[in-house]
Amino acid sequence: MTGNVEIRESTPGDIVAIESLYPQGFPDEDLLPLVRDLLAELSATLSLVGITESSLIGHVLFTKCRVAERSGQAALLGPLVVAPAWQRRGIGAALVNAGIGRLKDAGVSQIFVLGDPAYYGRLGFRPESLVTPPYELPPEWRHAWQSQSLNITANPLSGKLLLPRPWLQSALWTP
Ligand SMILES: CC(C)(COP(=O)(O)OP(=O)(O)OC[C@H]1O[C@@H](n2cnc3c(N)ncnc32)[C@H](O)[C@@H]1OP(=O)(O)O)[C@@H](O)C(=O)NCCC(=O)NCCS
């Protein structure tokens with residue numbers, strides 16, 4: 001719990017509320033097709049929500065993936081959204097940290113994210129150069145590609161991230 005906010009895995013009954021969050025958090029970007037496609041891939045995703053007594057106020061998705069067919073298990077974080085009225089209360093951090101804890105327990109060794117280093121750096125993410133995203137990033141976005149290792153004894157992953165189909169759209173990886 002973060003204050004009176006519960007973090008739990010989403011259920012099918014949450015989907016309408018999850019879908020209403022994204023236009024609020026991303027007014028200039030339509031992430032709903034991606035979110036819907038990822039939520040349909042239940043075996044490949046971890047979907048967590050933040051719930052107050054009356055409403056769903058945050059959501060994060062993690063997509064399980066690998067770097068090579070036989071590499072250790074990895075995950076990609078995103079998207080992450082918190083309702084504007086609930087931002088800056090630690091809910092984004094609580095969603096990310098809850099996901100990291102669950103994925104670590106499930107044997108995931110490294111989590112990747114494309115996002116603002118000023119935010120994700122505070123959550124333990126560092127610039128990533130050994131593993132590359134599925135599409136080449138423009139120079140101004142390269143510093144936004146980051147990762148966090150969950151298993152210090154695992155060999156560092158190296159190569160291109162192998163992601164399921166919803167992420168294989170170049171528009172998601174270019175400004
Ligand atoms: C980014 C987001 C998920 C953070 O959620 P949150 O619950 O407000 O985050 P937290 O409370 O854990 O952390 C808030 C802190 O991060 C900072 N922060 C939030 N977004 C930031 C950003 N893009 N860059 C740098 N710092 C950021 C805030 O300033 C705040 O710090 P402060 O209180 O010391 O000033 C939320 O602002 C949001 O939904 N934004 C719109 C969607 C979005 O940009 N998602 C991220 C896509 S990768």
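Ligands are counted one by one from 1 in listed order, and the atoms in each one are counted from 1 as well.
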Shell of residues surrounding ligand 1, defined by a 4.0 angstrom heavy-atom cut-off that is strict: G25, F26, L80, V81, V82, Q87, R88, R89, G90, I91, G92, A93, D116, A118, Y119, Y120, R122

Heavy-atom pair with the smallest gap, counting every atom of P156 and L130: CB-CD1, 4.0 Å

Pairing residues for R126 by the salt bridge (charged side-chain N to carboxylate O under 4.0 Å, His left out) criterion, not counting sequence neighbours: none

Side chain R89, main chain A85, donor-acceptor under 3.5 Å: yes

Rounded distance (nearest 0.5 Å) linking atom CD1 of I15 with atom OG of S10: 7.0 Å

Name the atoms and distances for all side-chain donor-acceptor pairs under 3.5 Å in residues 103-118, with sequence neighbours left out.
residue: S109; atom: OG; partner: Q73; partner atom: O; Å: 3.4
residue: Q110; atom: NE2; partner: E128; partner atom: OE1; Å: 3.1
residue: Q110; atom: NE2; partner: S147; partner atom: OG; Å: 3.0
residue: D116; atom: OD1; partner: A118; partner atom: N; Å: 2.8

Qualifying residues under side chain to side chain contact (heavy atoms under 4.5 Å, CB included), relative to T45, sequence neighbours excluded: L38, L61, T63

